[in-house]
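Data block below; observations after.
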Amino acid sequence: MAEQNTTGNPEQGAHGGAQGAGPGYDPQKIEAKWQKRWADARVFESEVDPSKPKYYVLEMLPYPSGTLHMGHMRNYTIGDVVARVKRMRGFNVLHPMGWDAFGLPAENAAIQNNTHPRTWTNKNIAEFQRVLRRFGFSYDWRREISTCEPEYYRWNQWFFLCMLERGLAYRKKSRVNWCPKCCTVLANEQVINGGYCWRHEDTLVESREIEQWFLKTTAYADQLLDDLKQLEGGWPERVILMQRNWIGKSQGARVKFAVADVAGAEPIEVFTTRIDTIYGATAVILAPAHPLVSKLLDGSPVRGEAEPKLAKMGQASVKTEDLATMEKEGFFTGRYAVNPFSGGKIPIWVGNFVLMEYGTGAIMAVPAHDERDLEFCRKYGLPVRVVVEPKEVESSKSKVKGEKKVAGAARSGQEVADEAFTDYGISVNSGPYSGMESETAIAKMTAFAEQKGFGRAETIFRLKDWGISRQRYWGTPIPVVYCAKDGIVAVPDSDLPVILPNDVKLTGEGGSPLAATPEFVNTTCPKCGGPARRETDTMDTFVDSSWYFYRYCDPHNDKAPYDSAKAAYWFPIDQYIGGITHAILHLLYSRFWCKVMRDLGLITHNEPAARLFTQGMVQKGGVAMSKSRGNVVGAEEMAQKYGADTGRLYTLFAAPPEKDLEWSEESIEGSWRFLNRVYRLVDRHSAALRGVKAGVGKIEAPPSKTEGGAPGAAKERTLLRKTHQILRRVTQDFETRWHFNSAIALIMELTNEIYGQEPLEEGVRPEIRKEVLELLTLMLAPMTPHLAEELWEMLGHKEGQWTVAWPSFSEELARDDEVEVVVQISGRVRGKLKVPAGTGEEEIVKRAQAEPGIEHHLSGKRIVKRIFVPDKLVNLVVA
RNA sequence: GCCCGGGUGGCGGAAUGGCAGACGCUGAGGACUUAAAAUCCUCCGGGGAUUUUUCCUCAUGUGGGUUCGACUCCCACCCCGGGCACCA
């Protein structure tokens with residue numbers, strides 16, 4: 001075994017080396033040792049403590065399926081570094097972990113393997129937990145939650161009832177997205193790539209109509225939008241933007257068009273953001289599903305030919321992918337509408353591009369100023385009437401474009417050429433509004449419509465209410481019963497939780513498994529005591545993850561979801577970390593839930609997370625790691641081969657945290673080598689330094705040149721200077737910018753410097769050697785905590801490193817006494833000068849001019865200007 | 001189509017408007033070794049001049065601009081990645 005002392009073969013650590021007790025770096029042994037010490041000392045357990053500043057750092061909770069791979073570990077490593085740095089900085093850190101344990105894969109796996117979703121889930125949780133512990137993440141495991149436990153989901157039910165009581169939860173029949181593979185309803189957000197299931201990317205989503213439970217997210221649309229402002233600076237701009245687009249606020253007006261020549265006909269309401277273009281409306285177009293369509297066709301002269309067309313549209317594909325490119329189709333209803341402004345009669349059409357779900361399901365077509373309308377009207381020969389003209393043609397660029405548009409735009413409202421002019425401009429051909437700027441016209445015309453009672457200003461949102469019903473087993477039962485006498489009855493609080501029965505047949509064949517379980521379905525009405533049926537839908541799992549981080553504050557509370565006082569201490573989350581994939585769904589629902597809880601009086605803040613960080617993916621072969629692609633690098637495998645610290649270091653070093661990272665087996669070897677290098681360095685010196693009384697912060701001033709007359713005084717100064725300079729920069733990288741990769745580069749640089757000064761015993765006093773090596777281990781502590789602890793102990797410390805604060809650097813020691821000043825001639829580097837720090841401009845210029853390599857650049861020329869940056873650069877501009 | 005990111009050596013990536021390529025990987029050479037592994041040291045963007053030392057020059061997607069000085073700021077364009085997309 002002796003010859004293996006310095007082995008760098010990672011396999012040795014895992015196998016032979018571990019039992020050998022040789023002095024080499026043995027991560028298996030070291031990591032187990034320190035994980036136990038931390039657990040015994042309860043280092044990561046935290047409680048409410050108003051005397052200390054708090055810091056809540058959280059990584060998005062995982063869905064426990066498949067294997068934990070390095071993609072997961074990157075996320076947790078970033079969070080762990082932040083948690084450990086903040087802890088070293090004196091914060092009371094809350095850093096919890098839990099399991100998003102409900103969901104379809106468990107149910108599918110159970111069907112496939114003939115087991116129970118709970119068995120499958122708990123097995124995975126045990127597995128995940130073991131691997132996370134193996135990586136030494138600083139979680140307070142006492143706070144672990146699992147969303148499939150009744151202790152947790154009971155509060156989903158409780159929140160649901162609160163919302164039901166307040167009208168925020170309601171039931172309605174609605175057209176839904178149905179995935180034939182999941183056999184369940186999907187939220188809009190779960191339909192991806194223009195019509196495919198988010199879990200089964202090859203499965204086209206169908207459209208069905210079912211009774212569903214909804215949560216009224218739209219009641220908070222304005223707040224969800226407005227409060228995004230509070231997140232600016234703390235959340236990535238693009239996430240804010242994606243949410244803003246998703247909410248899709250649109251300000252405009254609702255305008256009624258009366259139907260001509262039909263006695264008692266209901267007027268058609270349209271929504272428009274451009275009421276100023278109404279004089280240019282040449283048709284009113286209804287969505288095929290609009291309820292007025294059949295009434296208009298009733299008795300219409302064209303009824304015969306129109307009805308088959310309507311029927312055909314009704315069964316058109318639901319692929320939203322096609323929607324964008326689909327040919328616009330439509331037909332005339334035989335009826336006319338009256339333009340409330342001009343009094344003119346325009347035809348009423350039905351068009352497949354008009355969406356029933358958006359606005360009023362009807363539009364006015366203004367072909368001259370809307371591209372879609374233009375396309376439609378062209379196709380069917382409807383007239384195009386120009387009512388807005390560009391303001392003065394300012395630039396040559398817009399002239400080119402403008403020419404095209406304005407060319408045919410004769411004032412008469414004849415056919416215009418080519419493109420619709422959709423910008424704001426000046427109204428023309430618009431009765432009394434002609435000559436007004438678009439903004440003015442919009443305001444005046446909206447006011448007029450309001451005054452006359454045929455319209456009003458209106459704001460609409462793209463955001464829809466959140467459909468939470470799932471016809472599946474493995475989720476939170478929705479706590480209501482249906483009674484023949486009393487209708488929909490809420491399960492009283494005292495009867496919560498409505499327990500998800502264990503004994504259920506899972507077949508995977510359509511419909512809800514709960515509905516086929518009579519023991520669950522048949523119950524009594526809480527109101528009248530008569531027979532009743534339970535709701536058999538379960539909740540979308542996004543409900544679970546919408547508030548789980550509050551439960552971490554108070555995970556065992558059986559009287560309330562959490563104690564408000566505890567939440568008030570810990571919230572908002574100071575740093576939330578997760579993938580960009582959750583930029584809309586999870587984060588929007590969480591924000592909604594927060595606002596509901598605030599209105600319930602549970603909390604007082606508006607937003608759950610002050611800062612959000614979206615880390616990049618870990619890829620292999622250019623694509624994200626996933627089990628289905630078969631390109632995962634297993635976390636446990638890494639821990640066995642190199643140890644957790646190497647795995648952690650590599651994911652931090654290989655790329656900045658926000659960027660995607662391409663996994664490289666060769667590069668991780670580099671991280672492994674580096675840790676070995678550090679280990680050997682400290683190991684070599686530890687015996688001599690163990691008893692030395694000195695260490696961090698004890699050295700405050702640089703040793704003077706003459707100190708002890710030692711020839712190594714310069715060496716000591718160099719070492720101390722480098723160490724403190726790097727400590728300063730590493731501190732910045734951790735605190736202000738999360739540049740973990742460059743922090744590691746700096747620590748490597750320091751290690752190289754120390755190696756370069758070996759043997760340190762020659763000329764460097766023990767207390768200085770000790771200070772330098774201690775700072776090195778402390779800088780590594782947040783990233784490779786096990787190794788750092790081990791080295792700290794090797795240097796003679798009885799108390800764990802967790803008791804030590806982040807070191808502060810000494811400006812005095814970091815100061816350069818000699819600097820290299822760059823000499824530029826007319827902006828080009830021509831030389832460098834070594835001068836004492838703080839040398840003045842005159843002196844530098846004098847020396848620069850005397851420099852041999854520089855002379856010839858100056859000869860025969862006149863210096864017309866000079867720029868001087870102290871201790872950095874001098875630039876002589878010559879003519 | 002609209003809105004965000006991003007283009008730097010063979011590769012991953014560094015650079016408050018001030019020496020482009022830190023640090024690592026790969027590769028080459030050397031030391032140690034009987035040998036290999038490991039370790040330690042040196043070199044490693046292109047072109048040119050100089051027999052060494054060294055010097056010049058081009059170079060951060062392309063083209064302009066601002067500046068004493070631009071990877072960094074401004075304008076236009078090209079390419080790659082992502083999001084949204086008949087939203088009236």
Side-chain angles (χ1 to χ4, degrees), chain A residues 3-9 12 24 194 236-242 244-246 248-250 252 270-274 277 285 287 320-328 351-355 357-366 369-373 375-376 397 460-462 580 583-584 622 650 653-656 658-671 673-674 676-677 680 732 739 741-752 755-756 758 820-832 853 856 864-869 872-878:
Chain A
E3 72 275 11
Q4 284 179 10
N5 285 358
T6 53
T7 183
N9 182 349
Q12 300 287 350
E237 221 174 295
R238 64 174 172 154
V239 174
I240 292 177
L241 200 80
M242 281 161 84
R244 191 166 282 145
N245 289 341
W246 193 262
K249 183 174 181 169
S250 190
V270 306
F271 175 78
T272 177
T273 54
R274 293 297 300 273
T277 63
I285 309 178
T320 44
E321 186 183 57
D322 294 345
L323 270 181
T325 50
M326 197 163 51
E327 176 79 359
K328 288 182 177 47
N352 65 347
F353 72 102
V354 179
L355 306 173
E357 316 72 74
Y358 187 78
T360 60
I363 62 161
M364 60 179 199
V366 185
H369 306 293
D370 183 288
E371 275 155 40
R372 297 150 302 172
D373 295 351
E375 190 188 332
F376 187 82
K397 181 194 139 228
I460 60 173
F461 293 89
R462 209 187 80 115
I580 186 73
I584 299 174
Y650 174 68
F653 179 59
E658 70 279 3
K659 276 188 71 171
D660 287 346
L661 180 161
E662 175 67 29
W663 186 265
S664 153
E665 206 52 47
E666 283 154 345
S667 292
I668 195 171
E669 292 277 348
S671 296
R673 276 202 287 268
F674 169 66
N676 275 281
R677 202 164 141 85
R680 281 193 303 273
Q732 276 168 11
H739 285 195
N741 55 332
S742 61
I744 293 166
L746 288 165
I747 296 170
M748 287 174 168
E749 211 178 308
L750 177 60
T751 307
N752 292 344
Y755 265 85
E758 290 275 32
E820 207 174 50
V821 173
V822 172
V823 180
Q824 294 184 337
I825 306 299
S826 294
R828 302 187 69 100
V829 179
R830 297 300 180 185
K832 288 155 201 182
H856 74 275
V864 291
K865 188 171 184 179
R866 56 191 215 203
I867 283 92
F868 177 70
V869 182
K872 277 213 163 147
L873 152 149
V874 62
N875 185 5
L876 304 174
V877 184
V878 295

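Each chain gets a letter, A, B and so on, in the order its sequence line appears, and its residues count up from 1.
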Within a radius of less than 6.0 Å around CD of Glu371(A), do more than 12 heavy atoms belonging to other residues, nucleotides or ligands occur?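 Open.
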
Donor-acceptor under 3.5 Å (Tyr650(A) side chain, Trp663(A) main chain):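 Pair absent, no side-chain N/O of Tyr650(A) close to backbone of Trp663(A).
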
Main chain of Val878(A), side chain of Ser826(A): is a donor-acceptor contact present, judged purely on distance under 3.5 Å?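 Looks like yes, one N/O pair under 3.5 Å.
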
For a quick check of understanding: with a heavy-atom distance under 4.0 Å over all strands, which category does [X] fall into, base, sugar-phosphate or nothing?
{"X": "Val354(A)", "value": "base"}
{"X": "Asp373(A)", "value": "nothing"}
{"X": "Arg462(A)", "value": "base"}
{"X": "Glu820(A)", "value": "base"}
{"X": "Lys832(A)", "value": "base"}

May I have the distance from [X] (atom [atom1]) to [N] (atom [atom2]), rounded to whole angstrom?
{"X": "Ile240(A)", "N": "G5(B)", "atom1": "CD1", "atom2": "P", "value": "12 Å"}
{"X": "Trp246(A)", "N": "A85(B)", "atom1": "CH2", "atom2": "C1'", "value": "11 Å"}
{"X": "Phe376(A)", "N": "C86(B)", "atom1": "CZ", "atom2": "P", "value": "17 Å"}

Does the side chain of Ile363(A) come within less than 4.5 Å of Asp373(A)'s, by heavy atoms?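 Yes, their side chains come closer than 4.5 Å.
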
Do Val366(A) and Arg274(A) have side chains that get closer than 4.5 Å, going by heavy atoms?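 No. Closest side-chain heavy atoms not under 4.5 Å.
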
Specify the residue among Val822(A) and Ala655(A) whose closest nucleotide of RNA chain B lies further upstream toward the 5′ end.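 Closest to the 5' end, via its nearest nucleotide, is Ala655(A).
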
Most 5' of Thr360(A) and Leu241(A) on RNA chain B, judged by nearest nucleotide: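 Looking at the nearest nucleotide for each, Leu241(A) comes out on the 5' side.
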
N/O contacts under 3.5 Å, protein versus nucleotides 68-72 of chain B?
{"residue": "C68(B)", "atom": "OP1", "partner": "Lys865(A)", "partner atom": "NZ", "Å": "3.0"}
{"residue": "C68(B)", "atom": "O2", "partner": "Asn875(A)", "partner atom": "ND2", "Å": "2.3"}

May I ask you to evaluate whether [X] reaches the phosphate of [N], defined as a side-chain N or O under 4.0 Å from OP1 or OP2?
{"X": "His369(A)", "N": "A88(B)", "answer": "no"}
{"X": "Lys659(A)", "N": "G13(B)", "answer": "yes"}
{"X": "Ser250(A)", "N": "A88(B)", "answer": "yes"}

Run the side-chain hydrogen bond (donor to acceptor under 3.5 Å, both in side chains) test on Arg462(A) and Asn245(A) for me, step by step, so that the C-alpha distance in whole Å, both residues' side-chain angles and the decisive distance to 0.1 Å come before the verdict. CA-CA 8 Å; Arg462(A) 209 187 80 115; Asn245(A) 289 341; over 6 Å; no

Rounded to whole angstrom, note down the [atom1] distance from [N] over to [M].
{"N": "G63(B)", "M": "C78(B)", "atom1": "P", "result": "15 Å"}
{"N": "G24(B)", "M": "C41(B)", "atom1": "P", "result": "10 Å"}
{"N": "U72(B)", "M": "A20(B)", "atom1": "C1'", "result": "11 Å"}
{"N": "G10(B)", "M": "A35(B)", "atom1": "P", "result": "36 Å"}

Dot-bracket notation for RNA chain B, counting Watson-Crick and G-U pairs under 3.5 Å, with | for partners on another strand: (((((((..(((.....[....))).(((((.......))))).(((((....)))))..(((((..]....))))))))))))....

Assess whether side-chain contact (heavy atoms from CB on, under 4.5 Å) is satisfied between Glu375(A) and Phe353(A), documenting all intermediate values. CA-CA 11 Å; Glu375(A) 190 188 332; Phe353(A) 72 102; over 6 Å; no

Run the side chain to side chain contact (heavy atoms under 4.5 Å, CB included) test against Val829(A) and tell me which residues pass, sequence neighbours left out.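 Counting only residues at least two positions away or on another chain, Val829(A) forms a side chain to side chain contact (heavy atoms under 4.5 Å, CB included) with Val822(A), Gln824(A).
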
Nearest to the Asn352(A) side chain among C86(B), G5(B), C41(B), which nucleotide is it?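 Among C86(B), G5(B), C41(B), the one nearest the side chain of Asn352(A) is C86(B).
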
What nucleotide, of A15(B), C40(B), U16(B), holds the atom closest to the side chain of His739(A)?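 Nearest listed nucleotide: A15(B).
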
What residues, two or more places apart in sequence or in another chain, satisfy salt bridge (Lys or Arg N to Asp or Glu O under 4.0 Å) together with Glu749(A)?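 If we apply the salt bridge (Lys or Arg N to Asp or Glu O under 4.0 Å) test to Glu749(A), skipping adjacent residues, the hits are Lys722(A).
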
Give me the distances for all protein-to-nucleotides 22-25 of chain B N/O pairs that come in under 3.5 Å?
{"residue": "A22(B)", "atom": "O2'", "partner": "Glu749(A)", "partner atom": "OE1", "Å": "3.2"}
{"residue": "G24(B)", "atom": "OP1", "partner": "Asn752(A)", "partner atom": "ND2", "Å": "3.2"}
{"residue": "C25(B)", "atom": "OP1", "partner": "Arg673(A)", "partner atom": "NE", "Å": "3.1"}
{"residue": "C25(B)", "atom": "OP1", "partner": "Arg673(A)", "partner atom": "NH2", "Å": "2.8"}

So which protein N/O to nucleotides 55-57 of chain B N/O distances come out below 3.5 Å?
{"residue": "C56(B)", "atom": "OP1", "partner": "Arg830(A)", "partner atom": "NH1", "Å": "3.4"}
{"residue": "C56(B)", "atom": "OP1", "partner": "His857(A)", "partner atom": "NE2", "Å": "3.3"}
{"residue": "U57(B)", "atom": "OP2", "partner": "Arg830(A)", "partner atom": "NH1", "Å": "3.0"}

